[in-house]
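Encoded as structure tokens, the structure appears first; notes follow it.
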Amino acid sequence: MILVIDQLMKMLEEREEEMIKIRRYLHQNPELSFKEEKTAAYIADFYRGKAVDLITNAGNGYGIVVTIEGGNPGKTVALRADFDALPIKEELNVPFKSKKEGIMHACGHDAHTAYLMVLADCLIQLKDKIYGTVKIIHQHAEEEPPGGAKSIVEEGFLDDVHAIFGIHVLPIAPAGTVGYHSGYSFNGRAYFKLRVQASGGHGSSPHKANDAIVAGAYFVTAIQTVVSRRVDPFNAGVVTIGSFDGKGSFNVIKDSIEIEGDIRYSNDETKDVMNREIHRIVNGVEELFGVSCELTYEPDYPPLYNDPELTKFVANTLTSVVDRDIIEVKEFPKMAPSDDFAYYSEKVPGCYFYIGCTPKGTEEPYFNHHPKFDIDEGSMLVAAKSVGYVVCHYFNKEENKNSR
């Protein structure tokens, strides 16, 4: 297996320019969640004619699952990369700027896809020497709930998988830095919409009406106490009111309003607390103000949990390798965003780790989802090598275990 690792790393180094070329093509041709038809076709064409099992239109959209059967029996490992873009107008001035007005790869999914395509192709060429099976999951629609991951799990693509790995490029460290975090690592999130129905009237006669704005305003204030008075202070919770639609005439008591918001939670315990308390506050608003409330509460993505044993294995593996492109391996803090990779790690042990991508010479880089988001393209080789080392060492570990 050591020979396979050396071969794989050499192949990846020789194909770094190909990763960059693929990434730039995808960056110029972004597509939004659930609309990635041409992107999916481009990825699928890359695998056609190769010695793999290729499934397209996986899940609830344009997901692609590529199965690489190793030449020797062993466990099955899955690798995931997302490929959807965001509804953001690009402000980055690069030769490969987005050709689609108002759509941009502002989160690095183009880089995720590019590195994994090349890594997968190298593994295909070495597959006769591999002890196990590798499933490549090119996933659609990470950015827009309900996302693509949950449907891929529900269709059984992980039923025979023993472990899953994924990466995300983050401009919080330079290329060459690999980060990891054990346990709960990304927040979960939920969406809610509250419609308050009261009875309108004239501003001069409040006693003959029932004010939906007052009831809604009370809800906005009361919901802030969920985090401050109901969530364990050692856990993270966030409540955001993103929209309060109560526009009307200045002298008319409004009969109905709509409020929309975003809920974030660091673990399942906090998720349950926030869900329960928000419903309880809504019931209280109905009773206190004599109004009718209709609450839509939709959990989007669960908290992302990195299996501690698997994460320790990843950290130890990457710390132990001697490679000029992997300069530093260190623990990163919990991340506040959400990612539907969480659905995979609910199904099987998973590790979602991080690849530094801060552009060279940049002291204050723009973060993911910013219209000027950019990466050091050298981070893709770091990603490919890191995941390649992890896969090979995982199979090697299992091979050694079975030979005892």
Side-chain angles (χ1 to χ4, degrees), residues 22-23 26-27 29-40 42-44 55-66 78-88 98 100 103-117 120 135-155 157-158 164-171 185-191 262 264 298-306 335-348 350-355 357 367-370 373 375 379-380 383 387:
I22 292 171
R23 183 253 169 169
L26 294 171
H27 194 89
N29 298 277
E31 292 181 297
L32 297 175
S33 301
F34 298 108
K35 298 177 182 178
E36 317 98 324
E37 182 178 3
K38 292 181 180 179
T39 304
Y42 174 82
I43 297 169
I55 296 176
T56 59
N57 299 318
N60 57 353
Y62 293 104
I64 296 168
V65 179
V66 178
L79 309 177
R80 175 269 207 168
D82 36 18
F83 60 80
D84 55 328
L86 286 157
I88 293 175
S98 172
K100 297 188 178 180
I103 304 177
M104 177 192 175
H105 269 295
C107 201
H109 297 184
D110 49 351
H112 299 173
T113 301
Y115 103 78
L116 188 56
M117 287 170 66
K135 278 193 176 183
I136 305 296
I137 300 175
H138 288 290
Q139 186 210 304
H140 61 294
E142 187 279 326
E143 297 288 1
E144 182 178 327
K150 184 179 180 182
S151 63
I152 287 177
V153 172
E154 290 172 344
E155 291 190 4
F157 289 108
L158 264 64
I164 185 166
F165 302 98
I167 63 94
H168 206 301
V169 293
L170 293 173
S185 300
F186 270 36
N187 282 348
R189 77 180 186 204
Y191 159 83
D262 178 67
R264 305 273 173 161
E298 298 175 348
D300 290 340
Y301 303 157
L304 194 158
Y305 184 79
N306 278 330
M335 299 290 171
S338 305
D339 193 297
D340 70 352
F341 186 91
Y343 285 114
Y344 299 126
S345 58
E346 279 190 331
K347 176 69 176 179
V348 299
C351 182
Y352 197 55
F353 53 104
Y354 320 113
I355 306 296
C357 70
F367 199 65
N368 306 64
H369 289 217
H370 192 280
F373 171 78
I375 68 167
S379 63
M380 288 185 287
V387 177

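Quick note: numbers below take in every heavy atom, side chains included, and nothing from hydrogens, waters or symmetry partners.
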Worksheet item: Asp300: what forms a side-chain hydrogen bond (donor to acceptor under 3.5 Å, both in side chains) with it, not counting sequence neighbours?
Response: Arg189
Worksheet item: Does any pair with a residue in residues 135-150 pass salt bridge (charged side-chain N to carboxylate O under 4.0 Å, His left out), and if so which ones, sequence neighbours excluded?
Response: Lys135-Asp160
Worksheet entry | Smallest separation among heavy atoms of Ala78 and Ile137, with atom names | CB-CD1, 4.2 Å
Response to the item:
To the nearest 0.5 Å, atom OG1 of Thr56 lies from atom NE2 of His138 at 12.5 Å
Worksheet item: Given the rule in the side-chain contact (heavy atoms from CB on, under 4.5 Å) test, do Val65 and Ile136 qualify, once you have shown the distances and angles that lead to the verdict?
Response: CA-CA 6 Å; Val65 179; Ile136 305 296; over 6 Å; no
Practice prompt. Mind checking side-chain hydrogen bond (donor to acceptor under 3.5 Å, both in side chains) for His112 and listing every partner two or more places apart, or none if nothing turns up?
Written response: Asp82
Worksheet item: What residue pairs, at least two apart or across chains, pass salt bridge (charged side-chain N to carboxylate O under 4.0 Å, His left out) with a residue in residues 336-345?
Response: Arg80-Asp339, Arg80-Asp340
Practice prompt. With rounding to the nearest 0.5 Å, note down the distance linking CG in Leu86 to NE2 in His370.
Written response: 13.0 Å
Worksheet item: Would Arg23 and Tyr115 count as a side-chain contact (heavy atoms from CB on, under 4.5 Å) if you check the C-alpha gap in whole Å, the side-chain angles of each, and the deciding distance to 0.1 Å?
Response: CA-CA 8 Å; Arg23 183 253 169 169; Tyr115 103 78; over 6 Å; no
Discussion item. Suppose we screen for ring-ring contact (aromatic ring centres under 6.0 Å, His included). Which residues come up paired with His105, at least two apart in sequence or across chains?
Written reply: none
Practice prompt. Might you confirm whether atom NZ of Lys100 has over 12 heavy atoms from other residues, nucleotides or ligands at distances under 6.0 Å?
Written response: yes
Worksheet entry | Test side-chain contact (heavy atoms from CB on, under 4.5 Å) applied to Asn29 - qualifying residues, sequence neighbours left out | Tyr25, Lys99
Practice prompt. Return the set of residues passing ring-ring contact (aromatic ring centres under 6.0 Å, His included) with Tyr343 (not counting sequence neighbours), or none when no residue passes.
Written response: none
Discussion item. The criterion is ring-ring contact (aromatic ring centres under 6.0 Å, His included); which residues satisfy it with Phe157, sequence neighbours excluded?
Written reply: none
Response to the item:
Here the gap from Leu26 atom CG to Glu31 atom CD, rounded to the nearest 0.5 Å, amounts to 9.5 Å
Practice prompt. Please round to the nearest 0.5 Å and tell me the distance separating atom CD1 of Ile64 and atom CD of Glu36.
Written response: 9.5 Å
Fill in: Taking every non-hydrogen atom, the tightest pair across Gly59 and Glu155
N-OE1, 3.1 Å
Worksheet item: To the nearest 0.5 Å, what is the distance between CD1 (Ile167) and SG (Cys357)?
Response: 9.0 Å
Item to complete: Mind checking ring-ring contact (aromatic ring centres under 6.0 Å, His included) for Tyr352 and listing every partner two or more places apart, or none if nothing turns up?
Response: Phe186, Phe341
Fill in: Within-4.5 Å side-chain heavy-atom neighbours: His27 and Asp110
yes
Worksheet entry | Non-neighbouring partners of Ser33 that pass side-chain hydrogen bond (donor to acceptor under 3.5 Å, both in side chains), sequence neighbours left out | Asp84
Practice prompt. Indicate yes or no: at least one non-hydrogen side-chain atom of Phe373 is less than 4.5 angstrom from one of Ile88.
Written response: no
Fill in: With sequence neighbours excluded, residues passing side-chain contact (heavy atoms from CB on, under 4.5 Å) with Glu37
Tyr62
Worksheet entry | Where Pro299 and Ala190 come nearest, the two heavy atoms and their spacing | CA-CB, 3.7 Å
Practice prompt. Taking the side chain as every heavy atom from C-beta outward, state whether Glu298 and Pro145 have any atom pair closer than 4.5 Å.
Written response: no
Worksheet item: Heavy-atom distance under 4.5 Å between the side chains of Ile164 and Lys347, does that happen here?
Response: no
Worksheet item: Taking all atoms of both residues into account, what is the closest heavy-atom pair of Asn60 and Pro146, and its distance?
Response: ND2-CG, 4.0 Å
Worksheet item: Below 4.5 Å, heavy atoms only, C-beta onward: do Leu32 and Pro87 meet side chain to side chain?
Response: yes
Worksheet entry | Within-4.5 Å side-chain heavy-atom neighbours: Tyr344 and Leu158 | yes
Fill in: Spacing of Phe83 atom CZ and His140 atom NE2 [to the nearest 0.5 Å]
7.0 Å
Practice prompt. For the pair Ser345 (side chain) and Leu304 (backbone), establish whether a donor and an acceptor sit closer than 3.5 Å, ignoring hydrogens and angles.
Written response: no
Worksheet item: Can you tell if the side chain of Pro171 reaches within under 4.5 Å of the side chain of Asn368, non-hydrogen atoms only?
Response: yes
Worksheet item: Residues two or more places apart in sequence or in another chain: which of them pass side-chain hydrogen bond (donor to acceptor under 3.5 Å, both in side chains) with Ser338?
Response: Arg264
Practice prompt. State, yes or no, whether a side-chain contact exists between Ile355 and His168 at a heavy-atom distance under 4.5 Å.
Written response: no
